[in-house]
Amino acid sequence: MKFNVSSKTLYTFASSVSKIISSRNALQILNNFLFELDGDTLTVTASDMENSLVGRLSVTEAEGNGSFCLDARRIVELLKEMPDQGITFDINDQNMEVLITYTNGHYNTVALSGFEYPEHRKAAATDTVTFDCSSEQIIKGIENTLFAVSTEEIRPQMMGILWDVKPDSIVFVATDTRKLVKYVDGTIHPATECSFILPVKGAQVIKNVFAKEDSVRITVTPVSAIFESATFTFDCRLIKGTFPDYNRVIPVSNPYVFTADRVSFLNAVRRVAVFGDGGGGLVKFNFNTSEVILRASDNSLGTSGEERVACDYNGQPINMGFGSQYLVEILSTFSSSDIVIKLADPSRPALFLPGESAPDTELVMILMPMNIGE
């Protein structure tokens, strides 16, 4: 086998595909890429047995067909340091010796046979649901919800993002019981129904690998979801189980409405939290008609902070406490200029909404309050 390929093009594909490789593989062979040459198309595959990621690129001066495996880390590091020019791979099909040459030098290594690479399971032809959407829509759904995914293994169903696929929209949901995010994208029209829980690793791979892709076809099976674009195919094992009924926990009767400049409010939270308790990160809020007063303190260090932020508030004065780290995550995820918070009483969850939403989309977040000891 022999082929020529641009070093930077191959580096882009190899580094993208390498994101699926686990740092602790049960099988040594999974530390390798599987390269397969078919005509003038080269595919690069990586797998961790649960998931697989395949990249396809064109090559020139191709001779022969076949497959071979090379150490992924070494290849990525080599390509990263190479100048942007064509490089030639010459593989001896008999002894699997590999000669990599370019204008200024050459490198020798030994490959493993492609037949040694474990075959990834194939999706069943039946009991599948397929729909299309753009990578931008997918990544927006992931970016709005990923921060709220639970990290507690005692609740495995919450360690991923729920995709609630409806004929005229997709609802993305994540929760860790302290906060919950629901993002509805009505610009997607799957014309089918299904639901699945995408694990964090899968969500991060999609964000990194499919960002520059256009249309993505998604095929959902009982155990996996396959994301396929013109150049990549990602087969991701899904989380088993039933996601909590998210609609039941979203408050519907929070009568007090707070509106403020999002960036000003966010920066005030960040500053006040510096002088608060580094453990719980409690910030106390006193909501009034024209301003909100933020307070935080750490009695063990004798530090405290207080700020006032102008706002519009329609309701009874109320004192509430929130964890600063959760509040910063929520306020940072919104992109609107204003933030709207709907409140009821100090013991009930607060509802966070953007001041304005993009057409046919809805972003709702809820946050449980903390006991302020007053």
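FYI, side chains are in, hydrogens and waters are out, and symmetry mates aren't considered; it's all heavy atoms of this structure.
Residue Arg217 places its CZ atom among 12 or fewer non-hydrogen atoms of other residues, nucleotides or ligands, all under 6.0 Å distant. For CZ of Phe275, the number of neighbouring non-hydrogen atoms (other residues, nucleotides, ligands) closer than 6.0 Å is 12 at most. Atom CD of Glu152 sits in a crowded spot, with more than 12 heavy atoms from other residues, nucleotides or ligands closer than 6.0 Å.
Between the side chains of Asp338 and Thr259, no donor-acceptor pair of N or O atoms lies under 3.5 Å. Looking at Ser224 and Thr221, their side chains do bring a donor and an acceptor atom within 3.5 Å of each other. Of the N and O atoms on the side chains of Asp312 and Asn314, not one donor lies less than 3.5 Å from an acceptor on the other residue. A donor-acceptor pair shorter than 3.5 Å can be found between the side chains of Asn286 and Asn319. Using modelled atom types, one finds no donor on one side chain facing an acceptor on the other under 3.5 Å when comparing Arg155 with Thr177. Using modelled atom types, one finds no donor on one side chain facing an acceptor on the other under 3.5 Å when comparing Glu116 with Ser113.
Residue pairs satisfying the ring-ring contact (aromatic ring centres under 6.0 Å, His included) criterion with at least one member in residues 211-235, sequence neighbours excluded, are listed as follows: Phe13-Phe232, Trp163-Phe227. A side chain to side chain donor-acceptor pair (under 3.5 Å) check over residues 102-112, counting only residues at least two apart or in different chains, returns the pairs Gln85-Thr103. Within the structure, ring-ring contact (aromatic ring centres under 6.0 Å, His included) pairs that include any residue of residues 36-92 comprise Phe3-Phe89, Phe35-Phe68 (at least two apart or interchain). Each side chain to side chain donor-acceptor pair (under 3.5 Å) pair with one or both residues in residues 189-200, not counting sequence neighbours, would appear here, but there are none.
Here the closest non-hydrogen pair linking Val59 and Thr41 is CG2-N, 4.4 Å. Between Ile139 and Ala211, the shortest heavy-atom distance links the atoms CD1-CA, 3.4 Å. Taking every heavy atom of both residues into account, Pro251 and Ile366 meet most closely at CD-CG2, 3.6 Å. Residue Ser6 comes nearest to Asp84 through the heavy atom pair OG-OD1, 3.5 Å, listed as atom of the first residue, atom of the second, then distance. Residues Cys69 and Leu34 approach most closely at SG-CD1, 3.9 Å, considering heavy atoms. Nearest heavy-atom pair, Arg56 versus Thr43, reported as atom, atom and distance to 0.1 Å: CG-CG2, 3.6 Å.
Looking at heavy atoms from C-beta onward, Phe131 lies in side-chain contact with Ile170 at the 4.5 angstrom threshold. Contact of the Val263 side chain with the Leu266 side chain is not registered, since no non-hydrogen atoms from C-beta on lie closer than 4.5 Å. Within the 4.5 Å cutoff, side-chain heavy atoms of Pro199 are placed close to those of Cys236. Contact of the Lys19 side chain with the Ile21 side chain is not registered, since no non-hydrogen atoms from C-beta on lie closer than 4.5 Å. At a threshold of 4.5 Å between non-hydrogen side-chain atoms, the residues Leu53 and Thr45 do not count as touching. By the 4.5 Å heavy-atom criterion applied to side chains, Asn267 and Val269 are not counted as neighbours. Thr175 has its side chain out of reach of Lys182: every pair of non-hydrogen atoms, C-beta onward, lies at least 4.5 Å apart. Arg348 has its side chain within reach of Ser253: a pair of non-hydrogen atoms, C-beta onward, lies under 4.5 Å apart.
Rounding to the nearest 0.5 angstrom, the gap separating the CZ atom in Arg74 from the CG atom in Asn32 is 9.5 Å. Asn4 contributes atom CG, which lies 8.0 Å from atom CD1 of Ile87 (distance to the nearest 0.5 angstrom). Note that CD1 of Ile218 and CD1 of Ile206 are 7.0 Å apart. Values are rounded to the nearest 0.5 Å. The CD1 atom of Ile75 sits 4.5 Å away from atom CG of Leu70, with the distance rounded to the nearest 0.5 Å. Here Asp245 contributes atom CG and Ile250 contributes atom CD1; the two are 9.0 Å apart, rounded to the nearest 0.5 Å. A distance of 4.0 Å separates CG in Leu363 from CE in Met365, rounded to the nearest 0.5 Å.
Listed for the Ser15 side chain is a donor-acceptor partner under 3.5 Å among the backbone atoms of Thr12. Judged by distance alone, with hydrogens and angles left aside, the side-chain atoms of Asn25 form a donor-acceptor pair with the main-chain N or O of Ser22 at under 3.5 Å. Looking at Asn299, its side chain never comes within 3.5 Å of a backbone N or O of Gly302 through a donor-acceptor pair. Although no hydrogens or angles enter the test, the distance criterion places a donor-acceptor pair under 3.5 Å between the side chain of Ser7 and the main chain of Pro83. One N or O on the side chain of Asp261 and one on the backbone of Ser264 form a donor-acceptor pair closer than 3.5 Å. Although no hydrogens or angles enter the test, the distance criterion places a donor-acceptor pair under 3.5 Å between the side chain of Ser324 and the main chain of Gly281.
One finds no salt bridge joining Glu61 and Lys2 here, because no Lys/Arg side-chain nitrogen approaches an Asp/Glu carboxylate oxygen to under 4.0 Å. With respect to the salt-bridge test (charged N to carboxylate O, under 4.0 angstrom), the residues Glu356 and Arg262 do not qualify. A salt bridge links Arg73 and Glu77; the closest N-O separation between the charged side-chain nitrogens and carboxylate oxygens is under 4.0 Å. Comment: Asp48 engages Lys201 in a salt bridge, judged by a side-chain N to carboxylate O separation of less than 4.0 angstrom.
Met368 and Phe147 fall into different hydrophobic clusters, defined by Ile, Leu, Val, Met, Phe, Trp and Tyr side-chain heavy atoms under 4.5 Å apart, directly or through other members. In the hydrophobic cluster analysis, where Ile, Leu, Val, Met, Phe, Trp and Tyr join through side-chain heavy atoms closer than 4.5 angstrom, Val209 is grouped apart from Val54. Grouping the Ile, Leu, Val, Met, Phe, Trp and Tyr side chains by contacts below 4.5 angstrom, directly or via other members, places Met82 with Phe33.
Among Thr333, Val364, Ile330, the one residue that satisfies the side chain to side chain contact (heavy atoms under 4.5 Å, CB included) test with Phe352 is Ile330. Of the candidates Lys179, Arg270, Arg178, Glu329 forms a salt bridge (charged side-chain N to carboxylate O under 4.0 Å, His left out) with just one, namely Lys179.
Residues satisfying the side chain to side chain donor-acceptor pair (under 3.5 Å) test with Arg295, not counting sequence neighbours, are Glu306. For Asp168, there are no side chain to side chain donor-acceptor pair (under 3.5 Å) partners two or more places apart in sequence or in a different chain.
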Practice item. Check step by step if side-chain hydrogen bond (donor to acceptor under 3.5 Å, both in side chains) holds for Asp298 and Ser300. Key: CA-CA 6 Å; Asp298 188 340; Ser300 64; 2.5 Å; yes
Practice item. Go through the steps for Gln137 and Thr187 under the test side-chain hydrogen bond (donor to acceptor under 3.5 Å, both in side chains), then give the verdict. Key: CA-CA 8 Å; Gln137 292 168 322; Thr187 66; 3.0 Å; yes
Exercise for review: Give the intermediate values and the outcome of side-chain hydrogen bond (donor to acceptor under 3.5 Å, both in side chains) for residues Glu213 and Thr231.
Suggested key: CA-CA 8 Å; Glu213 300 298 295; Thr231 50; 2.8 Å; yes
Practice item. Could you go through the ring-ring contact (aromatic ring centres under 6.0 Å, His included) check for Phe243 and Phe196 one step at a time? Key: CA-CA 9 Å; Phe243 200 85; Phe196 60 90; over 10 Å; no
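Note: Phe287 and Tyr256 fail the aromatic proximity criterion, with ring centroids not under 6.0 Å apart.
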